[in-house]
J.: 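My questions will all concern the structure given below.
Start at 1 and go down the list; that is how both ligands and their atoms are numbered.
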Amino acid sequence: MKITAATEVLAIFGDPVSHSISPLMQGAALSALDLDMVYLALRVLPADLESAVRAMRALGVRGVNITIPHKVAVLDYLDDVDDTARALGAVNTILNSNGTLKGYNTDAVGYMWSLEGETGFTPHGRSAVVIGAGGAARAVVYGLATGGVGRIVITNRTVSRARALAEELSAVCPGVEITALSLGSPELAGIMEKADLLVNATSLGMGRRGDVDVPIERLAPDAVVSDIVYTPMDTDLLTRARGLGLKTHGGLGMLVGQGAKSFEIWTGHKAPVKVMREAAVQALGPEGG
Ligand code: NAP
């Protein structure tokens, strides 16, 4: 790419950030559309977050992604946030419109976009089991609940976190039945028999560490198994699910989906998702990182 005096700046703020594949994924999208913008990975320490966000105005930075550990803290430094970011209490995207900084969260919509697009899953009135109660699970449950899923059971190793999340999101999505259960509860098998979707939203399986120990053989034959872990791209959970003839959905879809939605917020152009996916796959390598 050619950098000119008119080139606009996009970036990701995080710590650590050197492992991020977003610069390659967003860079490929900018090139594909021939946009005069550059996307950089900038390491921002927690103590410097406020000044880094303020610098967006001073330097005219068009937009940024926000990653670990700043997604919650950054809310204090913005002029406005969208409904999803407010409900999730976390921001992963900022748009600078003439000095006004607005925060968005594209994780939930990115997840739903890839789940529906890749598997044909129709959320309306369906039942889901989500394993995990951390930041990613929060986005997934919110995406499912606002996307039309009727019943969601959140199961987590630390059941108090699952309960807190279920309570919080039930208040935000009053028409949806959201309940909590301890991971390993004997009740889980019966609940899985009635589920249309199982999501692993924990870090289990990342780097092939740990096993998602739930009875997937109890799922109905037309159920979908979704894993948000993308390193490796093909987790043991997904391999087992495919072995049972179940439809599967990998974490790369959410990664590309959230990036595509951020790209559209900054540029106003439809994201070239195929190009972004190819760049992500290439960046992660044959084993998926
Ligand atoms: P987090 O906030 O730290 O939450 C981690 C979750 O994993 C918690 O529910 C935790 O349970 C559970 N967990 C961790 N180790 C466990 C174990 N040994 N046994 C049972 N449960 C365990 O992390 P996060 O931000 O939600 O991220 C979770 C995963 O999602 C990571 O692998 C991340 O890479 C992935 N992710 C993917 C995307 C994507 O675009 N595909 C986006 C965001 C995150 P406790 O509450 O009991 O500790």
J.: Which of these, Q258, M233, R209, M206, has its nearest heavy atom closest to atom 34 (O) of ligand 1?
T.: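 Among Q258, M233, R209, M206, the closest heavy atom to atom 34 (O) of ligand 1 belongs to M206.
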J.: Within a strict 4.5 Å, meaning less than it, do heavy atoms of the Y77 and R54 side chains meet?
T.: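 In short, these two side chains do not touch, never coming nearer than 4.5 Å.
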J.: Has Q282 got more than 12 heavy atoms of other residues, nucleotides or ligands less than 6.0 Å from its CD?
T.: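 For Q282, atom CD is not crowded (no more than 12 foreign heavy atoms under 6.0 Å).
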J.: Please identify which atoms of ligand 1 are closer than 4.0 Å to at least one heavy atom of G135.
T.: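 Near G135, meaning under 4.0 Å from one of its heavy atoms, ligand 1 has 2 (O), 26 (O).
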J.: For the CZ atom on R43, are there more than 12 heavy atoms of other groups (residues, nucleotides or ligands in this structure) within a distance under 6.0 Å?
T.: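 Atom CZ in R43 is not crowded, with 12 or fewer foreign heavy atoms closer than 6.0 Å.
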J.: So, is A201 polar-close to ligand 1, with some N/O to N/O distance under 3.5 Å?
T.: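 Among all N and O atoms of A201, none is under 3.5 Å from an N or O of ligand 1.
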J.: In the protein, what heavy atom is nearest to atom 47 (O) of ligand 1, and what distance, to one decimal place, separates them?
T.: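 Checking every protein heavy atom, the shortest distance to atom 47 (O) of ligand 1 gives T158 OG1, 2.5 Å.
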J.: Less than 4.5 Å apart, any side-chain heavy atom of L181 and any of E187?
T.: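 Of all side-chain heavy-atom pairs linking E187 with L181, at least one is under 4.5 Å.
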J.: Y230 heavy atoms, cut-off 4.0 Å: which ligand 1 atoms fall inside?
T.: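 Once the distances to Y230 are compared, the set is 37 (C), 39 (C), 41 (N).
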J.: Side-chain donor-acceptor pair under 3.5 Å between S182 and S185, yes or no?
T.: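 There is no such pair (donor and acceptor under 3.5 Å, judged by atom type) between the side chains of S182 and S185.
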J.: Would a 4.0 Å cut-off, counted as strictly less than, catch a protein heavy atom around atom 23 (O) of ligand 1?
T.: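 For atom 23 (O) of ligand 1 the answer is no, since every protein heavy atom stays at 4.0 Å or beyond.
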J.: Could you pull out, from R157, M254, R161, the option with a heavy atom nearest to atom 15 (N) of ligand 1?
T.: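 When every heavy atom of R157, M254, R161 is considered, R157 comes closest to atom 15 (N) of ligand 1.
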J.: Nearest protein heavy-atom contact for atom 30 (O) of ligand 1: which residue, which atom, what distance?
T.: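 For atom 30 (O) of ligand 1, the nearest protein heavy atom is I228 CD1, 3.1 Å.
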J.: Given 3.5 Å as the limit, does a donor-acceptor pair link the side chain of E264 with the main chain of A271, or not?
T.: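 The answer is yes, because a donor-acceptor pair under 3.5 Å joins these two groups.
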J.: Is it true that Y230 and T235 share a donor-acceptor pair across their side chains at a distance under 3.5 Å?
T.: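 There is no such pair (donor and acceptor under 3.5 Å, judged by atom type) between the side chains of T235 and Y230.
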J.: Check each heavy atom of N156 against ligand 1 and say whether those closer than 4.0 Å belong to the side chain, the backbone, both or neither.
T.: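 The part of N156 near ligand 1 is the side chain, not the backbone.
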J.: Tell me, which protein residue and heavy-atom name are nearest atom 7 (O) of ligand 1, and how many Å apart are they?
T.: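 Here the closest protein heavy atom is T202 CB, 3.2 Å.
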J.: For ligand 1, which atoms, with element, lie under 4.0 Å from some heavy atom of G132?
T.: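 This gives 9 (O) as the contact atoms.
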J.: Under 4.0 Å from any heavy atom of G134, which atoms of ligand 1 are there?
T.: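 Those atoms are 2 (O), 4 (O), 9 (O), 26 (O).
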J.: Ligand 1 and L255, any nitrogen or oxygen pair closer than 3.5 angstrom?
T.: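 The answer is yes, given that L255 and ligand 1 share an N or O pair closer than 3.5 Å.
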J.: Could you tell me whether atom 3 (O) of ligand 1 has at least one protein heavy atom nearer than 4.0 Å?
T.: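 Under the 4.0 Å cut-off, atom 3 (O) of ligand 1 has no protein heavy-atom neighbours at all.
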J.: Would you mind checking if K71 and D107 are paired as a salt bridge, meaning a charged N to carboxylate O distance below 4.0 Å?
T.: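 A salt bridge is present here (some side-chain N lies under 4.0 Å from a carboxylate O).
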J.: Output yes when E118 and R277 qualify as a salt bridge under the 4.0 Å nitrogen-oxygen rule, no when they do not.
T.: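 The answer is yes: the pair qualifies as a salt bridge.
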J.: What atoms of ligand 1 come closer than 4.0 angstrom to any heavy atom of A136?
T.: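 So the atoms of ligand 1 that pass are 24 (P), 25 (O), 26 (O), 27 (O), 30 (O), 43 (C), 44 (C).
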J.: Tell me the protein heavy atom at minimum distance from atom 14 (C) of ligand 1, and give that distance in Å.
T.: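 The answer is S203 OG, 3.3 Å.
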J.: Tell me whether ligand 1 is touched by A133 - counting only heavy atoms on the residue side and a distance under 4.0 Å.
T.: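 Distance cut 4.0 Å: A133 passes for ligand 1.
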J.: Salt bridge or not for E168 and R138, using N-O below 4.0 Å?
T.: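 Yes, E168 and R138 are salt-bridged.
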J.: Where on L204 is there a heavy atom closer than 4.0 Å to ligand 1, on the side chain, on the backbone, on both, or on neither?
T.: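 L204 to ligand 1: side-chain contact only, backbone stays beyond 4.0 Å.
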J.: Do N65 and S262 get their side chains close enough for a donor-acceptor pair, meaning under 3.5 Å?
T.: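 Their side chains do contain a donor-acceptor pair, which is all the 3.5 Å distance test asks for.
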J.: Distance under 4.0 Å to a non-hydrogen atom of G251: what atoms of ligand 1 satisfy this?
T.: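 Near G251, the atoms of ligand 1 are 39 (C), 41 (N).
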J.: Does atom CG (D80) have a neighbourhood of more than 12 heavy atoms from anything else shown, all under 6.0 Å?
T.: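 Yes, enclosed.
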